[in-house]
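What's counted below: heavy atoms across the whole structure, side chains too, no hydrogens, waters or symmetry copies. Values in this document were obtained by computation on a predicted structure and should not be read as measured data.
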Amino acid sequence: KALAQHEEPPPAMLHRLGVAVMLLLEAPFLVELGDHPLPSRVPWRNLQVLLRKEKVTIPNKDEHSQMKEILAALQKGPFNQRLARHLNQRILGGD
């Protein structure tokens, strides 16, 4: 929620961090979708809405269950590796 409180436009690194957090929160859905385009640029206002939500985007689950589901998605291949590469290379600017 603290990340979402920054005014528009946010510093570039803060925006990239917001996109990375959004992709992690959406990992269960993104991994299940398979081979599809992953966003690298999301409007700040859209990120703010997502980051301000009280609950992560998995309905009818408590916070601990939601985090376990996100972790399971990040460990599920082959599209988990694609999501990790996308986060590292395009969003966070890694190698």
Side-chain angles (χ1 to χ4, degrees):
K1 288 184 181 182
L3 181 62
Q5 292 180 9
H6 287 273
E7 296 297 321
E8 191 170 355
M13 187 57 197
L14 187 65
H15 194 168
R16 289 193 306 269
L17 178 61
V19 173
V21 169
M22 180 213 55
L23 289 172
L24 288 174
L25 294 176
E26 298 293 334
F29 301 113
L30 294 173
V31 170
E32 287 299 318
L33 285 173
D35 191 16
H36 66 283
L38 295 170
S40 57
R41 188 77 178 150
V42 178
W44 182 244
R45 292 190 189 270
N46 293 6
L47 288 172
Q48 287 176 310
V49 168
L50 176 72
L51 295 170
R52 286 184 178 133
K53 285 184 178 181
E54 285 294 322
K55 295 183 178 180
V56 181
T57 58
I58 304 167
N60 303 319
K61 296 198 178 202
D62 64 29
E63 187 175 311
H64 185 354
S65 296
Q66 293 175 35
M67 293 303 122
K68 285 174 63 177
E69 193 159 333
I70 290 170
L71 181 60
L74 293 173
Q75 294 173 338
K76 185 178 179 182
F79 297 111
N80 64 329
Q81 295 167 358
R82 185 172 162 261
L83 179 58
R85 275 193 312 275
H86 181 75
L87 277 167
N88 188 41
Q89 293 173 350
R90 291 198 174 176
I91 307 301
L92 300 176
D95 299 323

Transitive ILVMFWY side-chain link Val49 to Leu23, under 4.5 Å: no
Single-linkage hydrophobic cluster Val21~Met67, side-chain heavy atoms < 4.5 angstrom: yes
From Leu25 atom CG to Leu51 atom CG, the distance as rounded to the nearest 0.5 Å: 7.0 Å
Listed partners of Gln75 passing side chain to side chain donor-acceptor pair (under 3.5 Å), at least two apart: none
For [X] versus [Y], what's the shortest heavy-atom pair and its separation?
X     : Y     : answer
Trp44 : His6  : NE1-O, 3.1 Å
Ala73 : Pro28 : CB-CA, 3.5 Å
Arg52 : Gln5  : NH2-CA, 4.0 Å

Listed partners of Val42 passing side chain to side chain contact (heavy atoms under 4.5 Å, CB included), at least two apart: Val19, Met22, Pro39, Asn46, Leu47
Test side-chain contact (heavy atoms from CB on, under 4.5 Å) applied to Leu24 and Leu74, step by step: CA-CA 8 Å; Leu24 288 174; Leu74 293 173; 3.9 Å; yes
May I have the list of side-chain donor-acceptor pairs in residues 29-37 shorter than 3.5 Å, sequence neighbours left out?
from	atom 1	to	atom 2	distance (Å)
Glu32	OE2	Lys76	NZ	2.3
His36	ND1	Gly34	O	2.7

Under the salt bridge (Lys or Arg N to Asp or Glu O under 4.0 Å) test, residues paired with Glu7 that sit two or more places apart: none
